[in-house]
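Everything below concerns the one structure shown next.
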Amino acid sequence: MSADKVEPAGVQPMIRADRVCKNFGALQVLKGISLEVGRGDVLCLIGPSGSGKSTFLRCINHLEQVNAGRLYVDGDLIGYREKGGKLYELHPRDAAKQRRDIGMVFQHFNLFPHRTALENIVEAPIQVKGIRKADATARALELLDRVGMGDKANAYPAQLSGGQQQRVAIARALAMDPKLMLFDEPTSALDPELVGEVLGVMRELAADGMTMVVVTHEMGFAREVADQLVFMDGGVVVEAGNPREVLADPKHERTKAFLSRLL
């Protein structure tokens, strides 16, 4: 949540991370991350490769287990239940139920290559939510229109540009009606001329009030759209604040050094 936005009394933030730690063997990737994201806010995570940004994103929907700390989405503890002060991991089925409400868009699209754009989008609502095929199809066509892909419903991924595939991937995530969207460097695999069309869709989502966490190197997008900018390095939050202020006048030497290479 940005410094100039205050949640009304009694309103839970959409995301609350409390001293989240994550290890891969002896390597400590996250070293006590604490932050909040308000409802309808956009948080952009920036930092060098290996700083823990994508790992943190994957912990939010329990694609990665945390080793310590707690993560809450919409007030619910993610991936675990707490009893007597101890945490017990949820059954995979229950963790999957939580994940339904959290849309995720990856760097490399992850579309089914043997299915059309439309078929990629209707799969999860039908199989996971039990929505009737006719209703799922109608909703998928609406979403394809929304991301500017209405004329590509019957195209296969191999027939689409990277930017078009990523827009289909966003539509696929939205088809589950998530309360939160996570974007893991959604434009980094795209040719430069295709980046704008994906960021345009993300700008519209933000304008519509979707809560979003975006790992990105697109500083213009962060400056224009984000409510909060967080710079991570070495598994910790080094600096956080209003994006325009952090980008224009970073306080920490590590932030200054990172931004000097980008801006």
Side-chain angles (χ1 to χ4, degrees), residues 37 41-47 49 53-58 60-61 63-64 99-125 127-128 136-137 139-226 229 262:
V37 182
D41 278 3
V42 178
L43 167 71
C44 280
L45 286 171
I46 65 170
S49 295
K53 309 181 302 296
S54 294
T55 298
F56 177 65
L57 207 67
R58 291 171 67 85
I60 294 173
N61 66 357
L63 287 177
E64 297 287 355
R99 212 174 281 128
R100 288 182 197 175
D101 294 327
I102 305 172
M104 187 154 184
V105 177
F106 299 89
Q107 184 175 345
H108 291 291
F109 327 137
N110 292 6
L111 298 177
F112 296 117
H114 59 291
R115 293 191 172 138
T116 64
L118 181 63
E119 290 167 346
N120 265 280
I121 295 168
V122 302
E123 175 80 4
Q127 299 297 331
V128 178
T137 300
R139 173 73 170 141
L141 291 171
E142 284 177 16
L143 289 168
L144 282 169
D145 275 337
R146 183 176 179 184
V147 300
M149 293 290 291
D151 60 337
K152 300 291 186 182
N154 296 315
Y156 288 90
Q159 298 170 311
L160 302 174
S161 71
Q164 290 172 327
Q165 290 186 60
Q166 194 61 295
R167 284 186 279 158
V168 172
I170 293 172
R172 180 180 59 181
L174 292 174
M176 293 294 283
D177 291 320
K179 62 179 74 169
L180 166 67
M181 286 284 285
L182 309 176
F183 293 86
D184 190 4
E185 301 198 38
T187 60
S188 63
L190 301 179
D191 292 333
E193 67 270 20
L194 303 177
V195 168
E197 62 191 50
V198 174
L199 294 181
V201 171
M202 294 169 65
R203 283 189 182 93
E204 290 178 11
L205 285 179
D208 289 344
M210 176 63 75
T211 309
M212 296 159 55
V213 181
V214 185
V215 174
T216 187
H217 292 290
E218 300 292 337
M219 296 303 141
F221 174 84
R223 184 186 293 109
E224 177 189 343
V225 178
L229 185 69
L262 286 180

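These numbers come from a predicted model, not from an experiment.
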Between atom [atom1] of [X] and atom [atom2] of [Y], what is the distance when rounded to the nearest 0.5 Å?
{"X": "M212", "Y": "L205", "atom1": "CE", "atom2": "CG", "result": "5.5 Å"}
{"X": "L143", "Y": "I170", "atom1": "CG", "atom2": "CD1", "result": "11.0 Å"}
{"X": "N120", "Y": "R172", "atom1": "CG", "atom2": "CZ", "result": "5.5 Å"}
{"X": "E123", "Y": "F112", "atom1": "CD", "atom2": "CZ", "result": "5.5 Å"}
{"X": "Q166", "Y": "Q107", "atom1": "CD", "atom2": "CD", "result": "9.0 Å"}
{"X": "L118", "Y": "N154", "atom1": "CG", "atom2": "CG", "result": "6.5 Å"}

Side chain to side chain donor-acceptor pair (under 3.5 Å) involving [X] - partner list, sequence neighbours excluded:
{"X": "D151", "answer": "none"}
{"X": "R146", "answer": "D208"}
{"X": "Q159", "answer": "none"}
{"X": "R203", "answer": "E224"}

For [X] and [Y], work out which heavy atoms get closest and say how close.
{"X": "M210", "Y": "P178", "value": "CE-O, 3.7 Å"}
{"X": "L111", "Y": "Q165", "value": "CD1-O, 3.6 Å"}
{"X": "S161", "Y": "E197", "value": "OG-OE2, 4.2 Å"}
{"X": "R139", "Y": "D177", "value": "NH2-OD1, 2.9 Å"}
{"X": "A140", "Y": "V122", "value": "CB-CG1, 3.7 Å"}
{"X": "I46", "Y": "K53", "value": "C-CD, 3.4 Å"}

Would you say the side chain of [Y] lies within less than 4.5 Å of the side chain of [X], judging by non-hydrogen atoms?
{"X": "M202", "Y": "V225", "value": "no"}
{"X": "L174", "Y": "M181", "value": "yes"}
{"X": "D145", "Y": "L141", "value": "no"}

Show the numbers, then the answer: is there a side chain to side chain contact (heavy atoms under 4.5 Å, CB included) between V37 and L180?
CA-CA 10 Å; V37 182; L180 166 67; 5.9 Å; no

Check V42, L182, I102, D41 against V213 for a side-chain contact (heavy atoms from CB on, under 4.5 Å) and give me the one that passes.
L182

Among T216, V215, V214, which residue satisfies the side-chain contact (heavy atoms from CB on, under 4.5 Å) criterion with L45?
V215

Show, in sequence, the C-alpha distance, side-chain angles and deciding distance for V168 and V147, and conclude whether the side chain to side chain contact (heavy atoms under 4.5 Å, CB included) test is met.
CA-CA 7 Å; V168 172; V147 300; 5.9 Å; no

Side chain to side chain contact (heavy atoms under 4.5 Å, CB included) partners of E119, counting only residues at least two apart:
R115, T116

Just jot down the side chain to side chain contact (heavy atoms under 4.5 Å, CB included) partners of R58, sequence neighbours excluded, or say none.
L63, E64, M104, F106

